[in-house]
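First the structure, in the form of structure tokens, and then the observations on it.
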Amino acid sequence: MKDTLISLLKQTVESMQANNTLPADLQPDIQLSSTKDPSHGDFATNLAMMLAKPAGKNPREMATLIIDNIPANDLLDNVDIAGPGFINFFIRSGSTLSIVQNIIDQAEQFGLSEYGKGKKIQVEFVSANPTGPLHVGHGRGAAYGATVADFYQAIGYQVHREYYVNDAGRQMDILATSIWLRYLEKCGIDFDFPVNGYKGDYVYDIATEIEAEYADKFVFSRDELISDIPADEPHGGDKELHIDALITRAKTLLGDEHYRTVFDSGLNTIIGDIRDDLKHFGVEYQDWYSERTLEDRQLVSQAIERLEKAGHIYQKDGALWFRSTDFGDEKDRVVKRDNGQTTYFASDIAYHMEKIERGYDIVIDVWGADHHGYVPRVRAALQALGDDADKLKVLLVQFANLFRGGEKVQMSTRSGSFVTLRELREEVGNDAARFFYVMRKCEQHLDFDLDLAKSQSNDNPVYYIQYAHARVCSVLRQLKEKNLTHDISNGQLNIGLLTEPHESALIKKLNQYADTLETAALKTEPHLMVHYLRELASELHTYYNAHQFIVDDASVRDARLNLIIACRQVIANGLKLLGVSAPEVM
RNA sequence: GCGCCUGUAGCUCAGAUGGAUAGAGUGUUGCCCUCCGAAGGCAAAGGUCACAGGUUCGACUCCUGUCAGGCGCGCCA
């Protein structure tokens, strides 16, 4: 509909250029928008105002000329000039009504498009360190990333969802050591647990499992454990040095094989838990990509070599540095430390290099906003490697602050004091959680008030939309109770009877769904769909209150029922994309 | 200090590429169930779009500066 109108306007401009009403070299970007006010018609364009200046005419005069040059067509009922020079288009009512039948015919397929056909896109999201359960902050990334991915898929892109598992590095060593220490405690060894260790309950659980399976196989004496270990912070020492010494001690005492056993049991338990958690949240991945495999495949050293060959690496203070300042970063970055170990950044270079090489048209990273300083250096690395850095799109998600009893909940993974995603889901439900997380633009801070979500869950906006869906289902149940049937083809035959303002408004809204979906996908702003669905539900509720659907006249009845089941379908389709259910009864 | 994000109704937030009278929810105040689910609808009230300049036919939107809040600036991950 919109596209047809735009091409009509293109023809208009061309014919005006042919008859010299317009300069021939003008290539106007034709903008057509849906109107908010019905008195402005169905669509409006500012074309006349944009063309007025180059053509040396005033906008309203230009508008008249444009209207005179619009080719004959059966789409438009009327065209008006309004305000400073807007051209308002009134679509012939019959042509907008066909949307109802389209929706009914296409059902859950309705609104999907092939916009991105043949294009591959990769979305990496959550990717939280597997050092503990997901918390509410991760939940936002999960809901947002999953929704962005699903939206792209809905407009025809081939989507690959990926979780980057940081299964290498110091944080994981701290976790493994924490588990082992808890295990030692359970086995009766007496010592002070390091302040820098992971203190969550899940650490005990994993330790318990290890004890159950391996009994005292990994037990060492107190002396073996703590001799020559530098003091922890409460005893006037340095907590970082203390934990690092304990890690080294764990590796020495346990030996590679046993250390790996403890390490992997922690990793596997936690990743399994995360995977399970996300699955219940309606979030599934095509790939769980292991950081360790990067090293196994020597991709990290390959990436550094490539940078070196390209002349972007230098040595200083015994370390290898990437000259990222050549590509707009604020300072150069170390890729290999003086102790010979590569940095986390080096792994990330390798990972992004490999992602780009996999041949995606777009590579999307969903990151917490606290990583924003990291964007320029990753982009710099891709440029230095000669890869197309424009393919990388980093979406930064601001923090979700949790409020309980009016107080901001302080969260720290290390101390174990945080609300998990699982707890949140159990408290407010998956539907409300998924919905709330994407209700706001991602760069907007999100205040998640737990008390409000719990105590007033009936006021949840998600219920308003779900209720509209359930209401239509209820009408159809009523119909059955009255021993009436709904004849869809009779409804279509009489669809022209839908002339009430409320009906026209609904039909106009239904016509906007596909466009909303496409915009929301391309802008990676699923909240646009949230707002659309709220508006659609609102108009459906209004219609419900203003008119009776189950009326004696079968022609009107069937036509109206066609309209409301079309609305129900669109609500269901939209909610599904958001990962929210569309219940028939509430 | 430098960089990124944010500042719109009492509160929480929408306002894509500059466009018509800046919109919702919530809260406040009135109405509407002999009628398909009142988890609903209708209406009222509520605004210096942080502030000051600039660009133009036109600025919440773009530019510059100021103020306020959040976050980030490791040979951590």
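Because the structure is a prediction, the values reported are computed rather than measured. Every chain is numbered from 1 and lettered A, B, ... according to where its sequence line falls, protein lines coming before strand lines.
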According to a strict under-4.0 Å criterion, is [X] in side-chain N/O contact with OP1 or OP2 of [N]?
X	N	answer
His527(A)	G15(B)	yes
Gln478(A)	G37(B)	yes
Lys331(A)	C2(B)	no
Arg471(A)	A38(B)	yes
Arg337(A)	A77(B)	yes
Lys523(A)	U17(B)	no
Tyr464(A)	G41(B)	yes
Thr542(A)	C42(B)	yes

How would you label the contact of [X] with the nucleic acid (heavy atoms, under 4.0 Å): base, sugar-phosphate, or nothing?
X	answer
Asn129(A)	sugar-phosphate
Val335(A)	nothing
Lys480(A)	nothing
Glu481(A)	nothing
Arg534(A)	sugar-phosphate
Asp167(A)	nothing
Ala168(A)	sugar-phosphate
Asp317(A)	base

Nearest-neighbour nucleotide for the [X] side chain, [options] considered:
X	options	answer
Ala470(A)	G72(B), G37(B), G69(B)	G37(B)
Tyr344(A)	C75(B), G37(B), A77(B)	A77(B)
Gln444(A)	U6(B), G15(B), A39(B)	U6(B)
Arg440(A)	A77(B), C13(B), G15(B)	C13(B)
Arg477(A)	A77(B), C71(B), G37(B)	G37(B)

Base of A77(B) paired with side chain of Asp348(A) (donor-acceptor, under 3.5 Å):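 Side chain to base: no pair present.
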field: Distance-only donor-acceptor test (3.5 Å): side chain His372(A), base C5(B)
entry: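 Looking at the base of C5(B), it does not pair with any donor or acceptor on the side chain of His372(A) (distance under 3.5 Å).
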message: I'd like to know if Lys251(A) pairs up with Asp173(A) as an ion pair, taking the criterion as any Lys NZ or Arg NE/NH1/NH2 lying under 4.0 Å from an Asp or Glu carboxylate oxygen.
response: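 Looking at Lys251(A) and Asp173(A), the cut-off is met.
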task: Would you kindly check if the NZ (Lys) or CZ (Arg) of Arg377(A) is within the cone defined by 45 degrees around the ring axis of Phe322(A) and under 6.0 Å from the six-membered ring centre?
output: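 Arg377(A) over Phe322(A) ring: no.
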- prompt: Is Arg534(A) close enough and on-axis enough to Tyr464(A), meaning under 6.0 Å and within 45°, for cation-pi?
  reply: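 Yes, a cation-pi geometry holds between Arg534(A) and Tyr464(A).
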query: Starting at CD of Glu535(A) and ending at C1' of C13(B), how long is that distance when rounded to a whole Å?
result: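 Rounded to the whole Å, the gap is 13 Å.
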message: What is the distance, to the nearest angstrom, from the NE2 atom on His445(A) to the C1' atom on C5(B)?
response: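 So the two atoms are 7 Å apart, to the nearest Å.
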field: Donor-acceptor contact present, side-chain Asp167(A) to main-chain Glu291(A), <3.5 Å
entry: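 Side chain of Asp167(A) to backbone of Glu291(A): a pair is present.
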N/O donor-acceptor pair under 3.5 Å between Asn545(A) side chain and His541(A) backbone: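 Yes; at least one donor-acceptor contact below 3.5 Å.
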task: Could you tell me which residues satisfy ring pair (Phe, Tyr, Trp, His ring centres under 6.0 Å) with His445(A), sequence neighbours excluded, listed by chain and number?
output: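 Partners of His445(A) by the ring pair (Phe, Tyr, Trp, His ring centres under 6.0 Å) criterion come out as none, since no residue qualifies.
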task: With a 4.0 Å heavy-atom cut-off, tell me which residues in residues 544-551 of chain A come close to RNA chain B, sorted by residue number.
output: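 Those residues are Tyr544(A), Asn545(A), His547(A), Gln548(A), Phe549(A), Ile550(A).
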Identify all pairs in which a protein N or O lies below 3.5 Å from an N or O of nucleotides 43-47 of chain B, and state each distance.
none

